[in-house]
Number of protein chains: 2
Amino acid sequence: MIMSVLPPRPKGPPITSLRAFEAAARLGGFTRAADELCVTPGAVAQQVKALEAWCGVDLFERHAQGVRLSRVGVEVLPSLSAAFDAMGEAVSVLRRATAPGRVHISALPAVAQLWLSPRLPAIRAALADVEISVTALEAPPNLAREPFDLSVFYGEGDGRLIARDEIFPVCAPEVARQLQSIEDLANVPCLADAVWTQDWETWLSGCATQVPLPAPVRGPVYSLYALAVEEAVNGAGVLIGHSALVARHLESGALVAPFSRRVTLPRGLVLGVRGGEMSPPLTALVNLLISESRL
Amino acid sequence: MIMSVLPPRPKGPPITSLRAFEAAARLGGFTRAADELCVTPGAVAQQVKALEAWCGVDLFERHAQGVRLSRVGVEVLPSLSAAFDAMGEAVSVLRRATAPGRVHISALPAVAQLWLSPRLPAIRAALADVEISVTALEAPPNLAREPFDLSVFYGEGDGRLIARDEIFPVCAPEVARQLQSIEDLANVPCLADAVWTQDWETWLSGCATQVPLPAPVRGPVYSLYALAVEEAVNGAGVLIGHSALVARHLESGALVAPFSRRVTLPRGLVLGVRGGEMSPPLTALVNLLISESRL
DNA sequence: TCTCTAGGCTCAGATTTACTATGCCTAGCT
DNA sequence: AGCTAGGCATAGTAAATCTGAGCCTAGAGA
């Protein structure tokens with residue numbers, strides 16, 4: 001038995017630290033990085049500090065209102081990002097190799113329920129051998145890093161525009177009968193989504209007639225847009241409809257648009273596709289989804 | 001306060017698992033991977049298993065005498081290796097950016113002490129602003145992954161040959177007086193290094209005269225070659241000298257070579273240099289080391 | 001000027017992850 | 001038959017990572 005008493009090998013920095021730093025640097029803040037990594041900002045701060053301790057240099061300049069990359073940080077970021085992109089790509093290759101017929105879609109909860117879900121049966125029928133799973137997320141994932149193949153979110157760029165986002169009030173037919181003019185809105189509950197609270201404002205601004213609705217619209221607020229839609233269908237009030245999300249209900253007549261005025265938002269429903277090689281099932285699915293868009 | 005009760009985001013595989021798999025796949029065995037990663041083979045086995053569980057597919061075929069990559073494993077390995085190479089490169093960039101004048105050399109303990117160490121004072125004098133650190137390792141590190149800039153080990157390829165490896169007996173002058181012929185070796189202790197035990201055999205084989213030395217040479221065995229050299233200098237016996245490692249002592253006369261027969265091994269002292277961009281100090285150091293080699 | 005808010009820091013404790021140690025098993029050698 | 005190399009499984013342990021709470025600073029708004 002040979003006892004080799006050698007000093008501990010110098011080790012590279014923990015990968016976790018590198019990941020935290022990369023995310024913080026790329027997104028420009030610990031809080032944003034924490035969001036992407038699904039941890040608390042404190043955890044990111046600790047990891048970054050650990051990395052700074054490892055290399056003995058500050059990677060960020062701390063200001064009270066946020067952090068800015070230091071000179072060294074700027075130098076180092078590109079190669080690190082490249083490395084993590086390569087890692088994401090490798091994981092993607094692994095997923096493709098182990099489950100070629102599996103496609104994982106991420107979408108805004110409302111989009112998943114009101115836009116994607118109604119289309120899935122037809123898609124599943126057309127692509128019988130593809131296993132489609134859907135995860136609802138509040139914010140679009142980083143497709144280069146996280147294990148999703150597609151994303152469907154509202155946004156302005158970074159993908160293929162599937163539908164414009166037009167907004168206009170919608171309600172159940174019996175509620176519509178009470179609404180002759182825009183001023184009548186003051187007499188019915190105005191439903192609102194928790195994150196799309198300014199929809200009413202946006203639609204009303206530029207209206208010919210000044211309407212007395214207070215900016216934060218009075219009326220129930222829902223954390224899930226799909227829930228608000230459901231309530232509107234049940235006659236609970238008037239909701240600002242997003243064209244892509246209420247189209248089905250307009251067709252079926254469950255909802256009607258009492259006013260003709262429509263406002264097109266600068267953003268739209270955007271389909272994001274994972275970079276790198278695409279499996280045949282994924283290609284087929286993307287084509288199906290795109291063919292839905294009539295722009 | 002919005003309570004968003006969303007299902008847990010699907011997460012990618014733990015990076016540690018990927019690293020363990022990559023090493024095991026590249027080196028063709030859990031034990032070898034464990035060596036490179038400085039953990040026990042059991043740890044590697046666990047990580048690999050975790051990864052296989054994550055993707056639901058076996059990455060290795062287990063045979064009792066080792067493992068072989070499965071089809072999927074073969075498909076996945078290249079992109080993973082590329083990712084970890086990119087990660088190593090990123091760490092290297094980080095080290096260069098944070099400590100431009102620092103060079104880290106790894107070498108076999110014997111090489112570090114007997115070849116490198118005597119040269120360092122002159123090098124430090126010539127390159128005053130370079131901070132050189134040396135780590136002794138039993139096996140050459142993976143320069144693309146571990147935080148070393150240079151390696152000096154005995155080997156056959158993978159780098160620049162600095163010196164051939166000639167072996168021949170050496171001893172203190174007073175011991176040499178007892179050695180007229182090769183047969184006299186039977187009458188003195190034959191020192192040996194723990195890992196280079198077959199040096200004697202190699203040197204003796206092909207000798208004109210058959211010598212009665214048993215294959216595992218009788219005599220003290222040292223776990224550190226430098227220690228054996230020290231003992232030889234002190235007159236404890238005859239040691240098989242490696243040209244690069246005993247040159248200084250031969251010059252000073254502390255050791256002499258009692259026999260003229262020399263055997264050149266197929267391997268040699270090889271200088272490994274980290275890939276990627278080289279800092280000016282590193283370039284200068286490499287040039288100095290190479291200029292030592294008179295081949 | 002005061003307060004509020006966003007973003008970051010730190011520390012202690014909890015939790016999760018990773019590793020070691022041990023014993024067992026198999027196939028190929030000698 | 002006995003030995004060795006390499007892998008597997010399990011339990012306990014060590015280390016890494018995360019959370020949670022309270023504190024701090026600078027800018028924005030009243």
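Chain naming here is simple, since letters A, B, ... match the order of the sequence lines and numbering starts at 1 in each.
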Of the nucleotides [options], which has the atom closest to the [X] side chain?
| X | options | answer |
| --- | --- | --- |
| A:A45 | C:dC9, C:dT26, C:dC19 | C:dC9 |
| A:A64 | C:dG7, C:dA27, D:dA26 | D:dA26 |
| A:R62 | C:dC19, C:dG8, D:dC18 | C:dG8 |
| B:A43 | C:dT20, D:dT17, C:dC9 | C:dT20 |
| A:F30 | C:dG8, C:dA18, C:dC19 | C:dG8 |
| A:P14 | D:dA11, D:dT17, D:dG6 | D:dT17 |

Report the distance from atom [atom1] of [X] to atom [atom2] of [N], rounded to the nearest whole Å.
| X | N | atom1 | atom2 | answer |
| --- | --- | --- | --- | --- |
| B:Q46 | D:dA11 | CD | P | 12 Å |
| A:E61 | C:dG8 | CD | P | 14 Å |
| B:Q65 | D:dG7 | CD | C1' | 10 Å |
| B:K11 | D:dT17 | NZ | C1' | 11 Å |
| B:D58 | D:dG7 | CG | C1' | 14 Å |
| B:L18 | C:dA18 | CG | P | 11 Å |
| B:L27 | D:dG7 | CG | P | 11 Å |
| B:F60 | D:dG6 | CZ | P | 14 Å |

B:R68 atom CZ: more than 12 heavy-atom contacts under 6.0 Å: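 Not more than 12 within 6.0 Å, no.
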Can you tell if the side chain of A:T135 reaches within under 4.5 Å of the side chain of A:F148, non-hydrogen atoms only?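 Of all side-chain heavy-atom pairs linking A:F148 with A:T135, at least one is under 4.5 Å.
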Which residue lies more 5' along DNA chain D, comparing A:H63 with A:G42 via nearest heavy atoms: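 Taking each residue's closest nucleotide, the earlier one in sequence belongs to A:G42.
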Please work out if [X] contacts a base, only the sugar-phosphate, or nothing of the nucleic acid, heavy-atom cut-off 4.0 Å.
| X | result |
| --- | --- |
| B:P41 | nothing |
| A:T40 | base |
| A:Q47 | sugar-phosphate |

Counting just side-chain N and O atoms, does B:K49 come under 4.0 Å of either OP1 or OP2 of D:dA9?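 The answer is yes; a side-chain N or O of B:K49 sits under 4.0 Å from OP1 or OP2.
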Look at the side-chain N and O atoms of A:T16 and state whether any lies under 4.0 Å from the OP1 or OP2 oxygen of D:dA16.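 So the side chain of A:T16 is outside the cut-off, no N or O lying under 4.0 Å from OP1 or OP2 of D:dA16.
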What distance do A:D149 atom CG and A:S106 atom OG have between them, rounded to the nearest 0.5 Å?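 Going from CG on A:D149 over to OG on A:S106, the span is 9.0 Å.
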Distance (rounded to the nearest 0.5 Å) between A:K49 NZ and A:S17 OG: 12.0 Å
Quick check on salt bridge (Lys or Arg N to Asp or Glu O under 4.0 Å): which of A:R26, A:R274, A:R145 does A:D85 satisfy it with? A:R145
